[in-house]
Number of protein chains: 2
Amino acid sequence: MFSIGELSKRTEVKVPTIRYYEEMGLLSEPERTEGNQRRYDVAGLERLSFIKHARDLGFSIEAISELIELQGHPDRSCQAATDIAVSQLSDVRAKIKRLRALEKELVRISKGCDGEGVSQDCYVLASLADHELCRHEH
Amino acid sequence: MFSIGELSKRTEVKVPTIRYYEEMGLLSEPERTEGNQRRYDVAGLERLSFIKHARDLGFSIEAISELIELQGHPDRSCQAATDIAVSQLSDVRAKIKRLRALEKELVRISKGCDGEGVSQDCYVLASLADHELCRHEH
DNA sequence: TGTAGTGTCTCTAGTGACTAGAGGTTCAAG
DNA sequence: CTTGAACCTCTAGTCACTAGAGACACTACA
Ligand SMILES: [Zn+2]
Ligand SMILES: [Zn+2]
Ligand SMILES: [Zn+2]
Ligand SMILES: [Zn+2]
């Protein structure tokens with residue numbers, strides 16, 4: 001049995017975050033000591049590792065809820081799990097696409113000024129004031 | 001003179017967002033009609049366009065505040081503006097890097113299951129449970 | 001001039017996923 | 001048995017908005 005602090009160390013999830021996951025229903029309520037402190041078993045550790053891994057991969061709390069729900073029913077179709085993963089992938093790809101456009105624009109903007117001049121003549125400020133100077137969509 | 005709704009249409013910034021920018025000090029308080037409604041001039045429109053453009057490029061409200069402050073002092077050095085832009089660029093690059101790692105991992109994970117099986121045998125769920133299956137750092 | 005309908009006002013609360021702090025209690029080591 | 005770290009609950013703050021309530025203002029048309 002682990003205390004919340006031990007669980008935190010083993011999973012690299014901060015203590016308040018663990019309590020937050022419990023409140024959100026991702027973690028089931030663990031046993032308590034007589035003095036009301038949480039005590040976790042291996043199942044709790046595995047559950048939290050799952051959540052941590054999914055969060056690291058960018059899945060939302062809501063998506064993780066669904067995945068955990070599915071995990072609890074071994075005989076159910078896993079179509080929903082694949083759907084969630086595919087949708088997460090397309091989210092990530094959309095974000096990358098958008099950030100790449102921003103990157104190009106920011107390269108142009110920051111190359112345009114070395115910081116040696118004054119505000120009035122600054123290419124950075126001029127570029128922000130006028131989207132027409134932009135080469136890409138964003 | 002524009003009403004807040006007209007300003008909203010011209011800049012594609014939603015009305016409550018305009019009020020929020022005012023509250024945050026990005027927009028100076030505009031004139032008011034006798035009935036207390038906001039009325040903007042061209043300067044207000046340009047200011048809001050600047051903010052919109054900077055937000056679209058991912059600059060934080062705080063960064064935009066500094067840029068606007070700088071814009072108000074045409075004779076001051078623009079070093080800070082370049083610094084802000086460069087730092088924004090490196091933020092964007094860091095995000096892209098992270099997302100690319102996630103993308104690779106998510107491709108592997110979602111390719112691993114066609115959704116035809118059951119939860120118990122699902123590669124998506126197995127992958128989330130076990131980071132050892134991952135090919136990349138994240 | 002009356003009125004209908006849309007726009008605007010302020011204020012409060014909610015979003016997601018935590019994070020920080022206050023004020024109090026429990027645990028484990030020595 | 002004492003000390004000090006860890007734990008408890010609860011509230012509020014983060015960022016950049018977004019939604020809604022209830023009241024007031026403006027505009028166009030009859
Ligand atoms: Zn400059
Ligand atoms: Zn632009
Ligand atoms: Zn599957
Ligand atoms: Zn992994």
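The shown structure was predicted, so the numbers you read here are calculated from the model rather than taken from an experiment. Lettering of chains follows the sequences in order, A, B, ..., and the numbering in each one begins at 1. The figures that follow rest on heavy atoms only: side chains count, while hydrogens, waters and symmetry mates do not.
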From CG of L27(B) across to C1' of dA16(D) the rounded distance in Å is 14 Å
Separation of dA6(D) atom P from N36(A) atom CG, nearest Å, is 19 Å
Side-chain atoms of R39(A) come closest, of dA28(C), dC17(D), dC26(D), to dA28(C)
From CD of E22(A) across to P of dC18(C) the rounded distance in Å is 15 Å
CD of E29(B) to CG of L27(B), rounded to nearest 0.5 Å, is 10.5 Å
dist E105(B):CD -> L133(B):CG (nearest 0.5 Å) comes out at 9.0 Å
Taken to the nearest whole Å, CD1/I61(B) to P/dT18(D) is 11 Å
Winner on side-chain proximity to R32(B), out of dT10(C), dC26(D), dA16(D), is dT10(C)
Whole-Å distance, E62(A) CD to dG16(C) P, equals 8 Å
When rounded to whole Å, the CD1 to C1' distance for the pair I51(B) and dC17(D) reads 14 Å
Over 60° means perpendicular and under 30° means parallel, so tell me whether H53(B) and H131(A) are parallel, tilted or perpendicular.
perpendicular
Per atom distances to the R38(A) side chain, the nearest of dC8(D), dA17(C), dC9(C) is dC8(D)
Rounded to whole Å, CD1 of I64(A) lies from C1' of dC18(C) at a distance of 13 Å
Indicate yes or no: does D91(A) engage K95(A) in a salt bridge with an N to O separation below 4.0 Å. no
When rounded to whole Å, the CE to P distance for the pair M24(B) and dC15(D) reads 10 Å
Scanning both residues in full, the closest heavy-atom pair of L70(A) with A80(A) reads CD2-CB, 4.2 Å
Would you check if R93(A) and R98(A) make a side-chain contact, meaning some heavy-atom pair closer than 4.5 Å? no
| Looking only at side chains, do R108(A) and Y123(A) share a donor and an acceptor under 3.5 Å apart? | yes
Picking from dT9(D), dA17(C), dT10(C), the nucleotide nearest the side-chain atoms of S60(A) would be dA17(C)
Residues of residues 1-21 of chain A with a heavy atom under 4.0 Å from any atom of DNA chain C, listed by number, are K14(A), T17(A), Y20(A), Y21(A)
